[in-house]
Protein chains: 2
Amino acid sequence: MATEGRTGPGLRDRFRAQVRQEVKTAALRQLAEGGPEALSLNAIAKQVGMTGPALYRYFANRDGLLTELVIDAYGDLASALAQAAGDAAADGGARLTSVVQAYRDWALAEPHRYRLLFRAPLQGYDAQATSLVEAAQPAMNVVLNVVSHLATPRAPEVAGSGSQFRNWMERRGVEDVSEAVAARTTMLWAHLHGLVSLEIEGNFTSMGIDPTPLYEAEVRDMVHPR
Amino acid sequence: MATEGRTGPGLRDRFRAQVRQEVKTAALRQLAEGGPEALSLNAIAKQVGMTGPALYRYFANRDGLLTELVIDAYGDLASALAQAAGDAAADGGARLTSVVQAYRDWALAEPHRYRLLFRAPLQGYDAQATSLVEAAQPAMNVVLNVVSHLATPRAPEVAGSGSQFRNWMERRGVEDVSEAVAARTTMLWAHLHGLVSLEIEGNFTSMGIDPTPLYEAEVRDMVHPR
DNA sequence: AGCTTCAGTTATATCCTCTCACAAACACGC
DNA sequence: GCGTGTTTGTGAGAGGATATAACTGAAGCT
């Protein structure tokens with residue numbers, strides 16, 4: 001009873017993991033049509049083939065499921081960005097273009113998941129905010145990396161940005177990045193988020209505007225500043 | 001019976017309007033603590049002094065109430081921006097700084113309302129999307145106006161932006177604005193939205209960054225481009 | 001003054017999340 | 001291969017949400 005030898009991966013755990021995955025994909029499918037409001041545990045359970053309460057064996061509650069979806073989405077976005085960063089040739093500008101494109105494409109392909117990333121934390125659970133912030137780091141690191149390899153030794157355009165980025169970078173273990181790069185990456189991130197947010201909500205469409213040139217301008221301002 | 005002289009505003013309508021306003025302020029108070037999810041018609045009714053179903057005399061349903069809140073918020077933001085644009089001296093750069101500041105301040109003062117602006121339309125009711133888009137125009141026009149009066153005759157940084165902004169501007173009756181200005185305004189809007197979104201969600205705080213210099217950089221890039 | 005219209009109530013249907021108590025199924029040590 | 005304990009799923013149900021329907025009372029309008 002007490003000191004039993006673990007058999008390893010566990011046979012039961014495997015089934016459990018698979019059910020969790022099925023639930024999550026059902027949740028994503030439901031999320032895609034109707035937004036986070038329409039995500040109903042009962043309906044998900046029915047789709048998976050169980051009754052409602054059974055889901056609570058796999059997820060603590062509704063927010064727990066949503067939080068995992070957010071973390072998964074962050075991971076997905078990060079790998080999409082990483083692949084784009086790896087795809088392009090060594091040229092810094094091309095890599096940035098590729099990463100920006102990947103960011104936009106990912107958001108456009110799954111707008112409900114993109115919304116989840118920046119919408120979920122504020123719904124009510126600030127408790128897990130830290131874990132969510134951590135989940136966002138890998139994606140950020142890709143951008144940070146690409147920006148840092150731009151062949152543009154440019155003076156920081158952000159006044160007084162000298163020291164305030166330092167502890168942030170130290171905390172995440174990135175030391176080979178200048179503070180100016182960190183500032184520019186932050187700006188780029190905010191700009192991209194703004195453009196993508198407006199695009200997936202259809203603001204550009206309702207204005208009759210093709211946002212592609214706007215993204216190009218963004219990259220250009222980054223590669224070829226001032 | 002037929003051709004009666006209208007007594008004016010109507011006595012009953014006045015009461016009705018006041019109740020509607022009370023409901024909306026109660027809704028806003030509830031929105032401020034707990035987000036849009038926590039907005040409960042029952043609780044609102046109790047605060048106003050009625051039972052739940054009575055609210056349906058004043059608003060079609062939950063989304064109807066939310067939509068009105070969104071429209072009101074757009075109006076509020078627009079007047080805040082307009083006041084900021086009027087406050088500053090004639091100098092174009094100072095006016096832009098003031099407007100950007102006002103945009104940020106408004107969002108920080110009432111983050112729940114700001115979230116409502118960009119979150120509500122996507123919840124499910126695309127039907128009213130057009131009315132919401134229209135509601136957003138006045139705020140946009142203020143920014144457009146300020147940007148157009150910048151003393152920077154700058155070539156459009158957005159490639160191929162020449163004609164695509166034209167019909168948009170025509171549709172809203174703004175003709176004294178060059179297409180380059182429209183493109184730059186759109187970019188500024190997106191950038192501001194990105195910065196504000198990240199700020200009110202606490203992303204900068206969690207990074208230990210003071211975003212003020214980022215906004216300043218935004219204005220600087222706008223006033224003093226390339 | 002009388003008729004009509006509207007505000008607000010109670011009751012109800014249907015949905016949701018989430019807890020609890022119980023039954024069935026499985027893994028594992030002996 | 002057999003008990004034993006953990007795990008998984010079910011049904012029942014509490015508590016609350018939106019929304020509808022039928023009814024009551026009190027205003028306003030002519």
Side-chain angles (χ1 to χ4, degrees), chain A residues 1-24 26-27 30-31 33-69 120 123-125 127, chain B residues 1-24 26-27 30-31 33-69 120 123-125 127:
Chain A
M1 39 185 72
T3 62
E4 87 294 348
R6 301 257 164 177
T7 69
L11 208 158
R12 219 162 184 169
D13 296 342
R14 202 130 50 182
F15 178 73
R16 185 179 173 79
Q18 193 196 327
V19 171
R20 282 176 62 91
Q21 192 51 48
E22 273 183 47
V23 170
K24 287 204 259 184
Q30 196 163 327
L31 206 69
E33 43 199 52
E37 318 291 302
L39 193 144
S40 152
L41 294 190
N42 269 331
I44 292 174
K46 213 161 290 178
Q47 275 194 355
V48 177
M50 306 192 290
T51 58
L55 283 191
Y56 290 84
R57 300 286 181 192
Y58 297 91
F59 299 91
N61 49 29
R62 195 176 181 275
D63 278 1
L65 172 57
L66 272 177
T67 302
E68 273 201 42
L69 292 183
Q123 300 235 357
Y125 44 15
Chain B
M1 39 185 68
T3 62
E4 88 295 343
R6 298 258 164 179
T7 68
L11 211 158
R12 220 162 184 170
D13 296 343
R14 202 130 53 179
F15 177 74
R16 187 178 170 80
Q18 194 197 324
V19 172
R20 282 175 63 90
Q21 192 51 49
E22 273 182 47
V23 170
K24 287 203 259 182
Q30 197 163 325
L31 207 70
E33 43 199 53
E37 317 294 300
L39 193 144
S40 153
L41 294 190
N42 269 330
I44 291 173
K46 214 161 289 178
Q47 275 194 356
V48 176
M50 306 192 291
T51 58
L55 283 192
Y56 289 84
R57 300 282 180 194
Y58 297 93
F59 299 92
N61 50 29
R62 194 175 181 275
D63 278 1
L65 172 57
L66 272 177
T67 303
E68 274 203 40
L69 292 183
Q123 301 235 357
Y125 43 16

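Residue numbering restarts at 1 for every chain, and letters A, B, ... go by the order of the sequence lines.
- A sub-4.0 Å separation between OP1 or OP2 of C:dT17 and a side-chain N or O of A:Ser40 is present.
- Among the atoms of the strands shown, only primed sugar atoms or phosphate atoms (P, OP1, OP2) are found under 4.0 Å from some heavy atom of B:Leu39.
- Every side chain to side chain donor-acceptor pair (under 3.5 Å) that A:Gln18 has, sequence neighbours left out, goes to A:Glu22.
- The CZ-C1' distance, from B:Arg12 to D:dG28, rounds to 5 Å in whole Å.
- Residues A:Tyr58 and A:Val23 have side chains not in contact (no heavy-atom distance under 4.5 Å, counting atoms from C-beta outward).
- Taking 4.5 Å as the limit, some side-chain heavy atom of B:Ile44 sits within range of a side-chain heavy atom of B:Leu65.
- D:dC23 atom C1' lies 11 Å from atom CZ of B:Arg57, rounded to whole Å.
- Which of D:dG9, C:dC18, D:dA17 sits closest to the side chain of A:Ala54 comes down to D:dG9.
- If you measure from atom CG of B:Leu41 to atom P of D:dA17, you get 10 Å, rounded to the nearest angstrom.
- At the phosphate of C:dC6, neither OP1 nor OP2 sits under 4.0 Å from any side-chain N or O atom of B:Tyr58.
- Each of A:Lys46 and A:Ala60 was matched to the nucleotide of DNA chain C holding its nearest heavy atom; the match closer to the 5' end belongs to A:Lys46.
- Across all non-hydrogen atoms, the minimal contact from A:Arg62 to A:Pro36 is NH2-O, 2.9 Å.
- A:Gln30 places a side-chain N or O within donor-acceptor distance of the main-chain N or O of A:Ala38, the cut-off being under 3.5 Å.
- Each of A:Thr51 and B:Ala43 was assigned the nucleotide of DNA chain D with the nearest heavy atom; the assignment lying further toward the 5' end belongs to A:Thr51.
- Checking D:dT18, D:dT10, C:dG8 against the side-chain heavy atoms of B:Tyr56 singles out D:dT18 as nearest.
- Per the geometry, CZ belonging to B:Arg62 stands 15 Å off P belonging to D:dT20, to the nearest Å.
- Panel note: side chain B:Arg20, backbone B:Phe59; no donor-acceptor pair is recorded below 3.5 Å.
- As rounded to whole Å, 10 Å separates atom P of D:dA19 from atom CG of B:Leu66.
- When distances are taken from the side chain of B:Arg16 to each of D:dT8, C:dC18, C:dA7, the shortest belongs to C:dA7.
- When rounded to the nearest whole Å, the span between CD of A:Glu37 and C1' of D:dT18 equals 13 Å.
- One atom, CZ of B:Phe15, and another, C1' of D:dA27, lie 10 Å apart when rounded to the nearest Å.
- Secondary-structure annotation of DNA chain D gives the stems C:1-30 with D:1-30, with a stem taken as at least 3 successive Watson-Crick or G-U pairs whose two distances both fall under 3.5 Å.
- The CG atom of B:Leu55 sits 16 Å away from the C1' atom of C:dC6 (whole-angstrom rounding).
- Picking from D:dA21, C:dA7, D:dG11 the nucleotide with the shortest atom distance to the side chain of B:Pro53 gives D:dA21.
- At a threshold of 4.0 angstrom between heavy atoms, the contacts of B:Asn42 include nucleobase atoms, whether or not backbone atoms are also involved.
- Between the CD atom of B:Gln47 and the CG atom of B:Asn42 there is a distance of 12.0 Å, given to the nearest 0.5 Å.
- Looking at heavy-atom distances under 4.0 Å, B:Phe59 makes no contact with the nucleic acid at all.
- Taking every heavy atom of both residues into account, B:Arg57 and B:Arg16 meet most closely at O-NH2, 2.7 Å.
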